[in-house]
Amino acid sequence: MNQRERLRDALVGAARQLGAPEPIDPPLERPRETSHGDWSTNLAMTLARPLKRKPREIADDLVGKLALSDAGVDRIEIAGPGFINFYMRAADTAGALPALIAADALYGRHAIGEKRRVNIEFVSANPTGPLHVGHGRQAGLGDAIASLLEWTGWDVAREFYYNDAGAQIANLGLSVQARLAQMSGRDVAIPEGGYHGDYVGEIAERYAAEHPNDREGSHLPDVTRFAVRAMRKEQDLDLQAFGVSFDTYFLESSLYTDGKVDETVAALVRAGHTYEHEGALFLRTTDFGDDKDRVMRKSAGKGGEFTYFLPDVAYHVTKWQRGFHRAINVQGADHHSTVTRVRAGLQAVGMGVTPGYPEYVLHQMVTVMRGGQEMKISKRAGSYVTVRDLVDEVGRDAVRYFFLMRKGDSQLIFDVDLARSQSEDNPVYYIQMAHARISGIFRVGEIDPVSVTGIDVDLGTLNEPEEQELIKALLDFPKLVAVAAESLEPHRIASYLLETARLVHLWYHKHHVLNEPDEITRARLVLARAARIVLRNGLTILGISAPDRM
RNA sequence: GCGCCAGUAGCUCAGUUGGAUAGAGCAACAGCCUUCUAAGCUGUGGGUCGGGGGUUCGAUUCCCUCCUGGCGCGCCA
C-alpha cells in the first residue's frame, strides 16, 4: 500500500467510528503550500453537514481515532476551517522509490481500460493538399491521446479517414488539369473552388512527365487518380516527418464500393426518421437534439448525390460494427457543428449505439509566429505553413511539444523562434536537458543506471526539501497519467514534465550526487534514476525523445 | 441573431473537476559562477481571476446575465 492508500484507510476507519454515512471516500490532495504538509484532506468539512457538527470538532475527533501505527506519519495538524494536514516522515516518502524503479518503463501505466478497444481518428485531411499546422496540432493531440489510452490499458487503433470521394477531389483533378493546359500554352484558369498551391503545378509536371501521350491531361479520371495518389504520398511524408503512424487508413470511397452508404440509408429509412422534402431526402436529426433537420441526399436539381453527412454516419456505423464501442474523433473546432448531427445519425440508425458516441476532442486554431510576425507563407503550399516546414525548421521533438503544451480548447501560438532556441527558455529543451543532466551523472560516475535499484539503500537521507519535493512529484506521476487519459488532455503531461524538470534542475544545482559520502551518493543515485525514469516515460507518452546528452 | 470555445501578473500560460494567503516561466529589479553541463542559481516587486448577480461554511472553478475576441451556423467538406 502506498502512502495515500494508508492514509485513506485510516481516515475511512475513523470516519466510520464517527457515524459518517457510507460510502466514505476521503479526498486526499497535495496541498499547494508545502507548509500545509504532504497530504491534506477536507473530509471534516464534507462531514459537517451530514453529522450536523462543526468541521473543526469533527477534525479533532477524526484525528483522535486515526489508527496510524505504521502509516509513516510524522505529525498531523488541523488548520484553517477544518483541514487535516499530514506531515510524512521523509524516509517513508522516499521508501516508495524502489517500487518506482522496479516498474521502470512500466511506471505510470494502468489497467483501467481492461484491454477494451478504442478507435482514435485524427488528421483525416482531404488528399487535396499538404498537411498544414492545424493538422499538425491534430496529429500531435491524436497521437498523444492514443498513447495515453495505451498507457491506461486500452486497446488502441489509430485511424485516418480519407475523404477521397467528394467534390473536393473533383476540384483537385480539375485544378491539375488546368495546370496541364497552362503548361501546353493554353490560357485556362484554375476553376472556382480549385487549388492554387505550387504543389498543384508540381503534380501537373510529374503527370506530364509520366504520361507522354496525355501531356494535356485530357483524361480527367486518370489525372484525378494520379493527383490523389501523389497527395497521399505527400501527406505520408509529412506524417513520417512528424513520426506518426496509423493502423488504418479508411477510404471514404470504400463506403460506396462496399455498400455501406446504401445500407445506412436503408436502415435510416427503415427506422422511420427520414422524409422527402423538395426532392431531397432529409434525416429528422431534430428528434435527437439537432437544431434543424439535415439533408442526406440532394435533390435531383442539385445533382442527386449524398451530402458529406451521410457517408460520415455510415463511416461511424462501420466503426461500431468493427467492434469499437468507444471512438474518439480529434478535429478542428471549425467542425464542431458536425458533432450533434453525426451523433443524431447514429442514434437514428437504431443499432443500439451508445448515446454520446463518438466522443470528440476539438482543438482551436494555430498561429505560427516568427520574429514577432505571423507566418503564412510556405514555398511548398503557397498559402500556409506545412507540418514538414515546421519539422524541418525546429525539429520533431519541439514541434510535438509545442502542439501539446496548451489545452486543445485554447488557441495556440507557435513561436518558431522559441521552439528553435537552444536555451532553457525553450520548454522542450529545458525538459530534455533535465533528463540529459541526470544521464550525465551516471555517465561521469561510470555507473550503470540499471544497477541502481534502491534496495539495501538507506533512503532516509533523502530529506532535503528539494529532494522531498522532487520525490513527491515523481510519485504523483501515475495519478497524473490516469487523470490526463480520463480527460483526454495530454497538455497535463506537458505541464507536469515542465514542473518536474524544474524540480530536477533545482535539486541538481543545490545538491551533488557524486563525490559525497558514500551513503549520500547511494541514496541520491536512487533518486536520480527514479527521476530519469519518470522524465523518460512522460516524454515517451508525448512522442518526444529523451536524450542522454545534448 | 443563434451555437461552441476562450478571457487569470506587462507577455505566454497552469490551476489536481468546489478548498487554505490564486501559481510557473519570460520580462523588470537586486545579489550570486573554482564541483555531476553557467546553455546557470537565489531573492524582490507585480492580480477588482473580463464586469455584475446568484448557489454555500467556502467560487478562478457550478448557474444566470452582460462585455470582448476566435470559430461555426449550405442540398460545401
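We name chains A, B, ... by the order of the sequence lines, and we start the count at 1 in each one.
The number of heavy atoms from other shown groups lying within 6.0 Å of NZ (Lys298(A)) is above 12. Environment of CZ in Arg420(A): sparse, with no more than 12 heavy atoms of neighbouring residues, nucleotides or ligands closer than 6.0 Å.
Among the atoms of the strands shown, none is found under 4.0 Å from any heavy atom of His363(A). Looking at heavy-atom distances under 4.0 Å, Met45(A) makes contact with a base. Within the 4.0 angstrom heavy-atom criterion, no nucleotide atom of any strand lies near Glu305(A). The residue Val444(A) sits close only to the backbone: its heavy atoms come under 4.0 Å of sugar-phosphate atoms, none of a base. Residue contacts for Thr338(A): at a heavy-atom cut-off of 4.0 Å it reaches no nucleic acid atom on any strand shown.
Ion pairing between Arg75(A) and Glu77(A) holds under the 4.0 Å rule for side-chain N and carboxylate O. Looking at Arg294(A) and Asp290(A), a side-chain N of the basic residue comes within less than 4.0 Å of a carboxylate O on the acidic one, giving a salt bridge.
The distance from atom OH of Tyr195(A) to atom P of A77(B) is 11 Å, rounded to the nearest whole Å.
Across all strands shown, U44(B) pairs with A28(B); the Watson-Crick or G-U wobble distances both stay below 3.5 Å. G72(B) is paired with C2(B) under the criterion used here, namely a Watson-Crick or G-U wobble arrangement in which both key atom distances are under 3.5 Å. Nucleotide U55(B): unpaired (no Watson-Crick or G-U wobble partner with both distances less than 3.5 Å).
Using P as the reference atom, U34(B) and G50(B) are 45 Å apart when rounded to the nearest Å. Distance check on atom P: A20(B) versus C62(B) gives 16 Å, rounded to whole Å. Spacing of C1' atoms, G52(B) relative to U12(B), comes out at 29 Å, to the nearest Å.
An OP1 or OP2 oxygen of G19(B) is reached within less than 4.0 angstrom by no side-chain nitrogen or oxygen of Thr41(A). Applying the 4.0 Å criterion to OP1 and OP2 of C73(B), one finds that Arg294(A) has every side-chain N and O outside that range. The side chain of Lys292(A) places an N or O atom within less than 4.0 Å of a non-bridging phosphate oxygen (OP1 or OP2) of G74(B). Checking the phosphate oxygens (OP1, OP2) of G15(B), a side-chain nitrogen or oxygen of His491(A) falls inside 4.0 Å. Contact annotation: Arg32(A) does not reach the phosphate of G15(B) (side-chain N/O to OP1 or OP2, under 4.0 Å). Between U42(B) and Lys510(A), no contact under 4.0 Å exists linking OP1 or OP2 to a side-chain N or O. Put simply, Lys298(A) has a side-chain N or O that comes within less than 4.0 Å of OP1 or OP2 on C76(B).
On a pure distance criterion of 3.5 Å, no polar donor-acceptor pair joins the side chain of His335(A) and the base of G72(B). With hydrogens and angles left out, the side chain of Asn85(A) and the base of A20(B) share a donor-acceptor pair within 3.5 Å. A donor and an acceptor atom never sit less than 3.5 Å apart when one is taken from the side chain of Ser337(A) and the other from the base of C73(B). Checked by distance alone, Asp334(A) brings no side-chain donor or acceptor within 3.5 Å of a matching partner on the base of G72(B).
Ranking C5(B), G25(B), U37(B) by closeness to the Met433(A) side chain, first place goes to U37(B).
Put simply, the residue from Arg536(A), Arg443(A), Arg437(A) that forms a salt bridge (Lys or Arg N to Asp or Glu O under 4.0 Å) with Asp548(A) is Arg536(A).
Without hydrogens or angle criteria, Ser410(A) side chain to Arg406(A) main chain gives no donor-acceptor distance under 3.5 Å.
For the pair His512(A) and U35(B), the ring geometry qualifies as stacking, because the centroid separation is below 5.5 Å while the planes lie within an angle under 30°.
Side-chain rings of Tyr496(A) and Phe477(A) approach one another, their centers coming within less than 6.0 Å.
Positionally, the nearest nucleotide of RNA chain B for Leu362(A) lies more toward the 5' end than for the other of Ser487(A) and Leu362(A).
Anti is the glycosidic conformation of U42(B), whose angle departs from 0 by more than 90°.
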